[in-house]
Amino acid sequence: MRDRTPFPLNAWYAAAWGHEIRHALAARKICEQDVVLYRRSDGAVVALEDACWHRLLPLSLGALKGDDVVCGYHGLEFNSAGRCTYMPAQKTINPSACVRSFPAVEKHRLVWVWPGDPALADAAAIPDFHWNDGTEWIGEGGTYYNLNCDYRLVIDNLMDLTHETYVHAGSIGHDAINDSPFEVTHTQRTAQVTRWMLGIEPPPFWAAQLGKPGLVDRWQIIRFEAPAVVVGDVGVAPVGTGAPTGDRSQGVNGAFLAAITPVTENTCHYFWNFVRSFRTDDTNLTRSIQLAHVNDGKGLYDQDATVLQAQQIAIARHPRTPFYNLNIDAGALWARRLIDHMLDAEQPLASAQPGIAAE
Amino acid sequence: MRDRTPFPLNAWYAAAWGHEIRHALAARKICEQDVVLYRRSDGAVVALEDACWHRLLPLSLGALKGDDVVCGYHGLEFNSAGRCTYMPAQKTINPSACVRSFPAVEKHRLVWVWPGDPALADAAAIPDFHWNDGTEWIGEGGTYYNLNCDYRLVIDNLMDLTHETYVHAGSIGHDAINDSPFEVTHTQRTAQVTRWMLGIEPPPFWAAQLGKPGLVDRWQIIRFEAPAVVVGDVGVAPVGTGAPTGDRSQGVNGAFLAAITPVTENTCHYFWNFVRSFRTDDTNLTRSIQLAHVNDGKGLYDQDATVLQAQQIAIARHPRTPFYNLNIDAGALWARRLIDHMLDAEQPLASAQPGIAAE
Amino acid sequence: MRDRTPFPLNAWYAAAWGHEIRHALAARKICEQDVVLYRRSDGAVVALEDACWHRLLPLSLGALKGDDVVCGYHGLEFNSAGRCTYMPAQKTINPSACVRSFPAVEKHRLVWVWPGDPALADAAAIPDFHWNDGTEWIGEGGTYYNLNCDYRLVIDNLMDLTHETYVHAGSIGHDAINDSPFEVTHTQRTAQVTRWMLGIEPPPFWAAQLGKPGLVDRWQIIRFEAPAVVVGDVGVAPVGTGAPTGDRSQGVNGAFLAAITPVTENTCHYFWNFVRSFRTDDTNLTRSIQLAHVNDGKGLYDQDATVLQAQQIAIARHPRTPFYNLNIDAGALWARRLIDHMLDAEQPLASAQPGIAAE
């Protein structure tokens, strides 16, 4: 077990869907920090430390007065930069009285918060999540899970889709996933797993989307962006129509979008969406795809939630680390290496070990 | 964080309302100690350690046999002084077999227990709670809260009533509380905050009690008696009728009575009453004032309970001590100093620090 | 408090009733170890570590494929010896990949598992529980409790039946239990308490079983077999018909059968049965005796469960060990000595103390 937290702080994390944040106080915990979120009158989102400077009552239990927050206990007021602007029964305000203000930016339909050093926050470094913008790609989105697991278990899960065969048998699982070769590439900030399954029977979900008989070429191109975003470019096209060489025009293409945000070492938020670039006007299809993923415990993501949380409980009982790894874990291992590099930059370990060892 | 417990043991604490203790066994935890309470045939209240000498089963799961307690597991018997008087299947009783007996006295409608050294227990030192006797002052009483917070947070709350403006807006809150000067005085065992608000509009609750139009003089004279009792002398009188100089005859006067008893470091019992010296025969008024304070989550005390428990959770997450303080905290700071003096006398700290610092 | 676990590992523990284990995966925790149990096609019971070698997901969340277990996350397969026989997306299987296999034997209607060193497991050492075989002695059995207490508290309870007078007043309790002498004998592996109550009024339960008026001789011969099995030979016969000297032919004889299995230090499984050798064809009697013991919180065992769990909570609050003991604890003390001898053999203590002291 390492002593440092398992998540870097100098990073943008998804804190909320944009539509969740209105001109009202909303509490959310991010990377062990209690944050109160709200939208100012000019539309900008604000993220402040959710604890009054005076006696620590969560500011989210107070109220907005214009764009300032009034504490619900003794009425101290803080502006959207976190500076105290009113104290009860005294005229002089201690100039150091303030709560922490976190950089916060709304982009790609999500509110991103930077829990680390504000001087390092650069909005240009917000993860690429453009599929979520609602223009070319269509999906409902708007849902998130509170998962009782280390955020890295979610990344492990998404970076190796062989689990689909077992966790999601009957919908997107397929033996071909196990049998097909894959390639792992990486940059300083991203890791990518590319798997092509050529000339296979499509699994039920994709057969229904394609609506054409016959064998298909199926692709899964999973891209991790450190520390906690995964986008999966997935789809099928009739075999021999050129998808592997770049022509997907005869096929159907979707993308799963996952922004995972640590809450504590063993819990996380999981913002997700599944979008597609075909039949984008078909709102019934949009709805049914959403239900296929999240449906009161019966959807694909619900199946993952069950497995991930059971795995976390098992890890707590059997603290066997590093895990034993298989070939299929190569993508997840690169993702963890990139996270470890970010952690090393923030919180160097005395005797830094990779912490992972491929079998 | 200090290593010692935050409550002195050599003190009288309210353990129960008198009417709660009958000729039957009742369990209650006080200052980290499990206590079984009962009333003897002669009316005296008894407080014993709630764990059998033999195998620790709570005696409160047993039964009374006359004025002795019979353990519900193997039948050991203990008299009201805690001495074992019967052991199963043996004639000789180990002379050291006993459970601890705590000094216990019924006074001012409450049962007071002394969890510390019995040799130091002096019934004359029971806090002054005469308002509760049911003679001159009238109120229902009889209710208590189990609060998930450090007992000192309740004292902080009561010693600074500016919080009424925010926590109790719409009933007893008023901007004048924030704007009016106050005075703090103290003795070796008590601290008092006196605030007069002269010529103000009465807040809704007091306007209704007074039943006369026009401006009022309002007073809040809050008296803390270490370690854990607070009595607030509160009321209003028509402006200019002499209340500030001692003639309250034209006004209405109430008192809130709070006896707070630590259960653990972060939980407490909260015995309270609100009594008045006007229209004392009006039982409908008595009932409606009770409901204004405690009403299934909607009363004044319920509002405090919400804030206090949220504050405790925040303290556990953000262990920032000492707190930052405002001018309004002067009374609470004196209360904490008096508690610290009692603690120092019992459990000296190596490097005693005041632990509090006024802003 | 000792640092070692309070239960020996080199021992057979009851893990399940035989009828509970079918050709399906069943999770159960035994001595701090998560175990998955199932029955092979040939009828043999299998007990494997309930955590996949790869990423620790409980195998009990997976599925059986023939007699092998398939992990529900990535499809690794393990045979009934725990060896990995399939890994996804790779042909070479790491030869060290396996999960732990525990010796498991079905005997006396129970499945017994050996959580310690498999090389030491000898099926001949399975505790004598022949009363449970369903031949000479009849009882329903099949029920177990999950008790929130140290398994040794259950043994203490069973080894001293004076508690019946208090915990089970009105059914099997009787003052004579307290007044009658008893004898304690022991071997290297067993301890026995023998108590004869001669010429007494039978308690209500036994009077009903005997169905004859008049005084009786009652016996309680309780036999502990280390580390966690207790069998009680109990009954009554009309006074003077020879029961104390060996002729029980005029009486009625029952046996309580208790197999207790540690789950954690403070929780245990409790498999039990009450069997009898009289009126063995009377199925209504079988049912009513079962209900007398376990009946939705109102039976004899339910009364014990209440006391045992309250005692465990008290021990956690008052960690006073060793307990004070009475004469009546002599049998329980021998049982604990035998357990301690097993523990010493496995995990020697630096300064071994008996840990118990008779009063």
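Chain letters run A, B, ... following the sequence lines, proteins first, then strands; residues in each count from 1.
- Between Ile328(B) and Gln90(A) the shortest side-chain heavy-atom distance does not fall below 4.5 Å.
- A distance of 9.5 Å separates SG in Cys52(A) from CD in Gln311(B), rounded to the nearest 0.5 Å.
- In this structure, chain B has a heavy atom under 4.5 Å from the side chain of Glu49(A), while its backbone stays farther away.
- Residue Lys91(A) does not touch chain B at all, counting heavy-atom pairs closer than 4.5 Å.
- Looking at Asn94(A) and Tyr324(B), their side chains never bring a donor and an acceptor atom within 3.5 Å of each other.
- Using a 4.5 Å cut-off between heavy atoms, Asn157(B) touches chain A through backbone and side chain atoms alike.
- Shown here for Leu326(B) and Pro88(A), the closest heavy-atom pair between the two residues is CD1-CD, 3.8 Å.
- No side-chain N or O of His54(A) forms a donor-acceptor pair with one of Asn325(B) less than 3.5 Å apart.
- Here the NE2 atom belonging to His74(A) is positioned 9.0 Å from the CG atom belonging to Leu161(B), to the nearest 0.5 angstrom.
- The OG1 atom of Thr264(A) sits 10.0 Å away from the CZ atom of Arg317(B) when rounded to the nearest 0.5 Å.
- No side-chain heavy atom of Arg55(A) sits less than 4.5 Å from a side-chain heavy atom of Leu153(B).
- Atom CG of Leu308(B) and atom CG of Leu57(A) lie 9.0 Å apart (nearest 0.5 Å).
- Put simply, the side chain of Tyr166(B) does not reach to within 4.5 Å of the side chain of Leu61(A), judged on heavy atoms.
- Here the shortest heavy-atom pairing between Ala310(B) and Pro58(A) reads O-CD, 3.9 Å.
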